[in-house]
Q: 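Starting off with a structure, shown below.
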Amino acid sequence: MALVRTVTDAGVTTMTLDSPANRNALSTPLMRELLNALAEALTDASVRVVVLSHTGPVFCSGADLKETAEARETGRVPAELLADVLAALWEFPKPVVARVGGPARAGGLGLIAAADIAVCTDEATFAFSEVRLGVIPAVISATVLPRLAPRAAAELYLTGDVFDGFRARDVGLVTAVTTAGELDETVSRYCASLVRGGPLALAGAKQLLRRTPNESVREELAELSQRSAAYFRSAEGREGVAAFREKRDAVWVPVTR
């Protein structure tokens with residue numbers, strides 16, 4: 001039975017973690033299925049946005065500790081494969097939206113931080129629980145620490161305390177907090193905005209968000225000027241400007257059924 005289910009509609013592919021029996025823990029089979037789903041979405045031009053969702057009351061409980069205990073002496077622990085998953089999400093050229101309708105712990109927070117936009121309910125809770133297990137949030141730091149305010153990161157990493165969605169928003173882990181009844185509508189609104197962006201432009205904008213600036217502001221501005229000009233001269237840029245002037249949707253905007 002599939003542990004990650006995918007459905008595509010109007011340019012939006014929803015990838016649903018479907019392992020509620022273990023609270024959508026990051027087992028090796030689940031992560032491999034998620035990697036496969038991302039690889040398929042990457043090459044499918046009809047996929048414009050990816051939504052990462054879940055079944056059951058828990059978004060993701062983190063690493064599969066049962067599998068971790070069994071594999072510790074015999075092979076690769078799940079946390080090592082998590083690095084591949086986070087890299088795939090972080091580098092994914094299409095927008096990724098996390099739909100968080102319940103608690104997330106440890107590695108699950110890495111998934112949320114790797115998404116470009118994250119929406120949670122006001123009932124969702126979060127915790128970097130690693131230190132209370134005698135381990136550290138090492139792998140997920142690659143995606144989490146660029147999001148969190150430094151003081152908050154120190155507090156939450158070191159205490160392992162549980163915090164709510166409003167604190168998650170205030171420290172930068174999530175984008176927005178809503179009620180359970182409005183979660184899907186809020187996610188849909190973000191997706192409706194995202195699909196209106198040019199595919200190449202969205203990928204380029206994500207590169208800007210991930211880049212490390214040069215030491216010289218003049219060098220940085222020169223490089224960014226060249227990059228901007230290339231987009232304006234591109235076929236996608238010409239179509240976007242023409243659509244705006246003609247007051248119509250650009251050709252890349254999916255047709256709503």
Side-chain angles (χ1 to χ4, degrees), residues 1-8 12-41 49-71 76-90 92 96-130 132-133 135 137-140 142-144 147 156 160 162-165 168 173-175 177-178 180 183-184 186-187:
M1 187 170 66
L3 300 176
V4 177
R5 294 185 290 103
T6 62
V7 176
T8 300
V12 178
T13 290
T14 301
M15 300 181 185
T16 302
L17 307 183
D18 192 12
S19 185
N22 66 353
R23 299 179 298 168
N24 293 316
L26 296 169
S27 65
T28 295
L30 182 145
M31 289 190 287
R32 284 178 176 159
E33 289 188 23
L34 182 54
L35 284 170
N36 289 337
L38 288 168
E40 291 180 8
V49 177
V50 166
V51 174
L52 189 58
S53 187
H54 63 102
T55 60
V58 176
F59 175 76
C60 178
S61 60
D64 186 325
L65 297 182
K66 181 175 183 293
E67 182 185 355
T68 298
E70 294 171 351
R76 194 183 193 198
V77 297
E80 294 175 273
L81 185 57
L82 177 58
D84 296 336
V85 172
L86 295 182
L89 286 168
W90 187 262
F92 201 70
V96 178
V97 180
R99 175 194 174 278
V100 185
R105 298 289 185 270
L109 278 66
L111 299 181
I112 294 169
D116 301 293
I117 293 172
V119 183
C120 74
T121 68
D122 52 14
E123 299 173 353
T125 61
F126 307 85
F128 296 99
S129 51
E130 287 88 347
R132 299 194 179 188
L133 300 175
V135 296
V139 175
I140 66 171
T143 59
V144 167
R147 303 293 191 196
L156 299 172
V162 175
F163 55 103
D164 64 16
L173 180 63
V174 303
T175 310
V177 185
T178 186
L183 177 60
D184 288 331
T186 303
V187 169

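These numbers come from a predicted model, not from an experiment. Note that these values count all heavy atoms, side chains included, but never hydrogens, waters or copies made by symmetry. In this chain, numbering begins with 1 at the start of the sequence shown.
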Q: Can you give me the closest heavy-atom contact between Ala88 and Leu35, atom names plus distance?
A: CB-CD2, 3.8 Å

Q: Quick one, Ile140 and Glu130 - any side-chain contact, counting heavy atoms below 4.5 Å?
A: yes

Q: Only counting residues at least two apart or in another chain, list the ones meeting side chain to side chain contact (heavy atoms under 4.5 Å, CB included) with Val7.
A: none

Q: Going by the rule side-chain hydrogen bond (donor to acceptor under 3.5 Å, both in side chains), which residues pair with Thr16 if we only count those two or more places apart in sequence or in a different chain?
A: none

Q: Using side chain to side chain contact (heavy atoms under 4.5 Å, CB included) as the criterion, list what pairs up with Ala113, not counting sequence neighbours.
A: Thr143, Val144, Arg147, Leu173

Q: How long is the straight-line distance from CG of Asn22 back to NZ of Lys66, given to the nearest 0.5 Å?
A: 10.0 Å

Q: So, Ser129 side chain and Gly160 main chain: donor-acceptor pair closer than 3.5 Å or not?
A: no

Q: Is there a side-chain contact between Leu156 and Phe126, using heavy atoms and a 4.5 Å cut-off?
A: no

Q: Which residues satisfy the salt bridge (charged side-chain N to carboxylate O under 4.0 Å, His left out) test with Arg32, sequence neighbours excluded?
A: none

Q: For the atom pair CG (Leu89) and CG (Leu34), what is the distance rounded to the nearest 0.5 Å?
A: 6.0 Å

Q: Does anything in residues 112-123 pair up under salt bridge (charged side-chain N to carboxylate O under 4.0 Å, His left out), and if so which pairs, sequence neighbours excluded?
A: Asp116-Lys206, Asp116-Arg210

Q: Do you know which of Val49, Leu52, Thr8, Leu38 makes side chain to side chain contact (heavy atoms under 4.5 Å, CB included) with Thr13?
A: Thr8

Q: Which heavy atom in Leu3 sits nearest to a heavy atom in Pro29, and how many Å separate them?
A: CD1-CB, 3.7 Å

Q: Please identify which of these residues, Val58, Leu111, Ile112, Thr121, meets the side chain to side chain contact (heavy atoms under 4.5 Å, CB included) condition with Val100.
A: Ile112

Q: Can you give me the closest heavy-atom contact between Ser27 and Asp64, atom names plus distance?
A: CB-OD2, 3.4 Å

Q: Looking at every non-hydrogen atom in both residues, tell me the closest pair between Pro20 and Asn24 and how far apart they are.
A: N-OD1, 3.7 Å

Q: If you look at every heavy atom in Ala104 and Phe59, which pair is closest and at what distance?
A: CB-CD2, 4.0 Å

Q: Mind jotting down which residue pairs meet the salt bridge (charged side-chain N to carboxylate O under 4.0 Å, His left out) criterion with at least one end in residues 99-113? Sequence neighbours excluded, please.
A: Arg99-Asp184

Q: Check side-chain hydrogen bond (donor to acceptor under 3.5 Å, both in side chains) between Arg5 and all other residues, then give those that pass, not counting sequence neighbours.
A: Asp18

Q: Going by the rule side chain to side chain contact (heavy atoms under 4.5 Å, CB included), which residues pair with Ala41 if we only count those two or more places apart in sequence or in a different chain?
A: Met15, Val47, Val50, Phe92

Q: Restricting to side chain to side chain contact (heavy atoms under 4.5 Å, CB included), what partner residues turn up for Val139, sequence neighbours left out?
A: Leu82, Ala83, Leu86

Q: Of all the heavy-atom pairs spanning Cys120 and Gly165, show the shortest one and how long it is.
A: SG-CA, 3.7 Å

